[in-house]
Structures are given as structure tokens and as C-alpha cells.
Colleague: 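Just passing along the structure, written as C-alpha cells.
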Amino acid sequence: MKTRNDLLKLDALDPLAPLRDLFDLPEGVIYLDGNSLGARPNSALARAGQVIAAEWGHDLIRSWNTAGWFDLPKRLGNRLAPLIGAVEGEVVVTDTTSVNLFKALAAAVQVSTNSGRRVIVTERENFPTDIYMAQGLARWLDDGYQVKLVDSPAQLAASIDADTAVVMLTHVNYRTGRLHDMQAITAHAHAQGALTVWDLAHSAGAVPVDLHGAQADFAVGCTYKYLNGGPGSPAFIWVPARHQAHFSHPLTGWWGHAAPFAMAADFTQVKGIGRALCGTQPIVSLALVESGLEIFEQTSMHAVRQKSLALTDLFIELVEQRCASHPLTLATPRAHAERGSHVSFGHPHGYAVMQALIERGVIGDYREPSLMRFGFTPLYTSYADVWDAVEILRQILDDHAYDTAAARGAVT
């Protein structure tokens, strides 16, 4: 059986361990919620100061040109592209995941319109805002479109048929951490004549993604989880070169115009990935995304994935060994090929237990029904963190040191 000293030895040999020093991690906190909000890179503070004090404060509006603000969404997209199997000129960092998903769905539906297909297939357990955006688009189109909700991954293949226009899935399920086989599902969708839109919110920076290798059609994702861009930092959208000439959506804002400062009364769409842009960019938050991306350039997604699997394997093993007498139910797949980078355990009093953990300095989060989520970010999570987190969980469960009547906050 493993000891804490065994894990300290693993930390000493960990090639990613030096990257932990690039983050501002509070003393006395074990942070296992990077799957919801990544920790702050140390460099982000200086970058924010530069943008606010110098670029905005001193250079003012000149910074759209002199500081490269205007090209920032594309520049960041090019830096992010290698993490998701994309190439230069296919990704922009802009807007929110929800807005980008609307753009991608609208474009995909338009491409499929001539075939008479009217069904968008997704999972009932998909992240709710993704479902809401698809439902909203279907209502707005008002032409017989519908969203089909699939109840389990096993039913997915049979639900994609000749009526399917688009298959919209999140690569890693936000509740359970289940990882879809992107290549197999995309191939099956294409064989049925449908397109795919992938949400990489829990994938980008956590698991290797090869959009081109999978022949995916469109993808979106956020930068504030594993990419460590900051709270509410802008999302990204991927449109491969093969689809860019036909990519269009209803949000025809001036940043997607071929000549925005011509101030023409009519919209003329720009060529290339710029057509995925819409309105003026939030430069301060956008600039901070670069701080997170710079850290990934010091490692590889292969190294990140190897440590992620080791951390999640260790957590599952220790919880099941040391908390075996308690009613914990593993919701996350054991198979590596089916697992992202977070682990979810169900408990009848999951919310109360998670609040007790947070009070003791172990920060995870909670998702209905009864699921405690623990995110493992290999850039800054140590093996000793895993041991200590499980020990605190064991103590809380053994002592019943949680309040089932605790009031719930607005964010869980």
C-alpha cells in the first residue's frame, strides 16, 4: 500500500513539477477545481498591469494598433491551435463558449439545410447551456428543427440517422468525466451524412485532442478551466480551412466584416477564420489568456496526459481504499480511454461533504445529483496533494463532520 513518502518521491521525479512554481497557489489550499476555474499564472498579474497601466492608461486608443489589440484574437488562436490538433489560421479566441457554439451550430445547420435534415443530436447529460443554445437555435429557425436528447452513450450511434443534421457533443462530460471517442463518433456521423460540433471545455489543456485527425467539423471551448485564462476569459472557436469558405452565422458584427473601418452600411464577410468574430473584443481579459498558453509551450500534451491519468488513478485508488466504509459511488470511468481529467464520486450528502472539504482547504465542487467533482490539473497538482486531499476526506466522513442543513450558495 502506498504511503505519503512514496508520493513525495514521485513529486521529486515529476518532470512537470517545476511548472507548479509558475502559478500563484494559496498557502494551505489543495486546489482540485481547475476543471471549473484554473489557478492564476504568476505572469497574469504583470500582464494585467501592462495592459491597464501602459497600453490602456498611457497609449489609450492607439494600442489597437501599437499593442496589437486588433489582431489579438487570431494571435491567441494560433498559440492555442497546437493543443487541439488545429493549425494556424483556424482558431480565434473570442466571445463566450455559448455564443461560439451558436455560431458553429448555425453554420453547420446551414451546410446541412439542402439535405432536408432537421435534427440536432446531443446527450441529455450534455452541459445544459449547450442544450439551451441548440434549443434556442431550433426555435429561432422555426422550420421543423428539433433537438434530440440521447439518454446514454450506448444509444448515441443509433440516434444518428438520415434525419440528423448535426451531432453536438462535449468531448469530456462535465459531470462524470467520461471521454468520448471523437474519431469514431465523427466517422459514424459522417457516414450518416451529418456534421459534428465538439465542445472542448473540459478537454483543451487536459487531454490530447486531434481535431484534424478525427476529421471533426467545428469545435468550441473555454479558456478559463485547464487553460488558466482567468474567470470568464474569452472562449475559442475552431473552423477548419476546408469549411471556412462556407462558414457563416447570423451574428454578423463588424469584426467579421471584410473592411470594418470602411463603415459600409452593408455587411461583407471577411475571408478566413476572421468570419467567426463578431463584436469588439474584451482586451483586458483576452490578454490574460496568453499567460496560460505560454505555460503549455514548456511541456507537451503527452506529458500532461500521462500525469493526469496517474493522478486520477491514484485518487480513485486511495478513496476506495481509505474511505471504503462510506457510501461513495464512482461516476467516472476507470478505463483510461474513457476518462478525462476530473473524477466524480457520488455521496448521499455530497454537497455538505464538499462544503466541509472546502472549509478544510480542499477545493473541489459539486454537481447535481449528489456528485462531488475533483479536478486534477497536471501543471500544478502534486501527488502529495492527492494523498492529503483523500486523508481530509476520510477524516470528514469518519467523523461525520459535515452539515447537511448548510445553506447553498448561488454557485456550487
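These values consider heavy atoms only, across backbone and side chains, with no hydrogens, waters or symmetry-generated copies. All residue numbers refer to positions in the sequence shown, counting from 1.
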Colleague: Using the side-chain hydrogen bond (donor to acceptor under 3.5 Å, both in side chains) rule, collect all pairs that involve residues 389-398, keeping only residues at least two apart or in two chains.
Modeller: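 Sorted pair list: Arg322-Glu391, His326-Asp398, Arg360-Gln395, Glu391-Arg394, Glu391-Gln395, Arg394-Asp398.
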
Colleague: Which residues pass the side-chain hydrogen bond (donor to acceptor under 3.5 Å, both in side chains) test with Thr312, sequence neighbours left out?
Modeller: Arg339

Colleague: If you look only at pairs with a residue in residues 7-41, which of them pass as a ring-ring contact (aromatic ring centres under 6.0 Å, His included), with sequence neighbours excluded?
Modeller: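 Residue pairs passing ring-ring contact (aromatic ring centres under 6.0 Å, His included), neighbours aside: Phe23-Tyr380.
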
Colleague: Could you check if a side-chain atom of Glu125 sits within less than 4.5 angstrom of a side-chain atom of Asp151, using non-hydrogen atoms only?
Modeller: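 A side-chain contact under 4.5 Å is absent here.
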
Colleague: By ring-ring contact (aromatic ring centres under 6.0 Å, His included), which residues pair with Phe218, not counting sequence neighbours?
Modeller: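 By the ring-ring contact (aromatic ring centres under 6.0 Å, His included) rule, Phe218 matches His243, Phe247.
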
Colleague: When you compare the side chain of His257 with that of Thr268, does any pair of heavy atoms fall below 4.5 Å?
Modeller: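 Yes - at least one pair of side-chain heavy atoms lies under 4.5 Å apart.
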
Colleague: With sequence neighbours excluded, what pairs up with Tyr366 under the ring-ring contact (aromatic ring centres under 6.0 Å, His included) test?
Modeller: Tyr351

Colleague: For Trp254, enumerate each residue passing the side-chain contact (heavy atoms from CB on, under 4.5 Å) test, keeping only those at least two apart in sequence or located in another chain.
Modeller: Pro260, Phe261, Met263, Thr280

Colleague: Could you work out, with salt bridge (charged side-chain N to carboxylate O under 4.0 Å, His left out) as the rule, every residue matching Asp161, not counting sequence neighbours?
Modeller: Lys148

Colleague: What residues form a ring-ring contact (aromatic ring centres under 6.0 Å, His included) with Phe70, not counting sequence neighbours?
Modeller: Trp255

Colleague: Quick one: ring-ring contact (aromatic ring centres under 6.0 Å, His included) partners of His180, sequence neighbours excluded?
Modeller: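 Counting only residues at least two positions away or on another chain, His180 forms no ring-ring contact (aromatic ring centres under 6.0 Å, His included).
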
Colleague: Side chains of residues 127-135: which donor-acceptor pairs under 3.5 Å do they make with residues two or more places apart or in other chains?
Modeller:
residue : atom : partner : partner atom : Å
Thr129  : OG1  : Ser98   : OG           : 3.0
Asp130  : OD2  : Thr170  : OG1          : 3.4

Colleague: Tell me which pairs pass side-chain hydrogen bond (donor to acceptor under 3.5 Å, both in side chains) where either residue lies in residues 79-97, with sequence neighbours left out.
Modeller: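 As it turns out, the side-chain hydrogen bond (donor to acceptor under 3.5 Å, both in side chains) pairs with a partner in residues 79-97, which skip direct neighbours, are Arg79-Glu290, Arg79-Glu297, Glu90-His212, Glu90-Trp238, Thr94-Gln281, Asp95-Lys103.
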
Colleague: Distance-only check: which donor-acceptor pairs under 3.5 Å involve side-chain atoms of residues 197-206, not counting sequence neighbours?
Modeller:
residue : atom : partner : partner atom : Å
Trp198  : NE1  : Thr186  : OG1          : 3.1
Asp199  : OD1  : Ala201  : N            : 2.9
His202  : NE2  : Asn35   : O            : 3.3
Ser203  : OG   : His171  : ND1          : 2.9

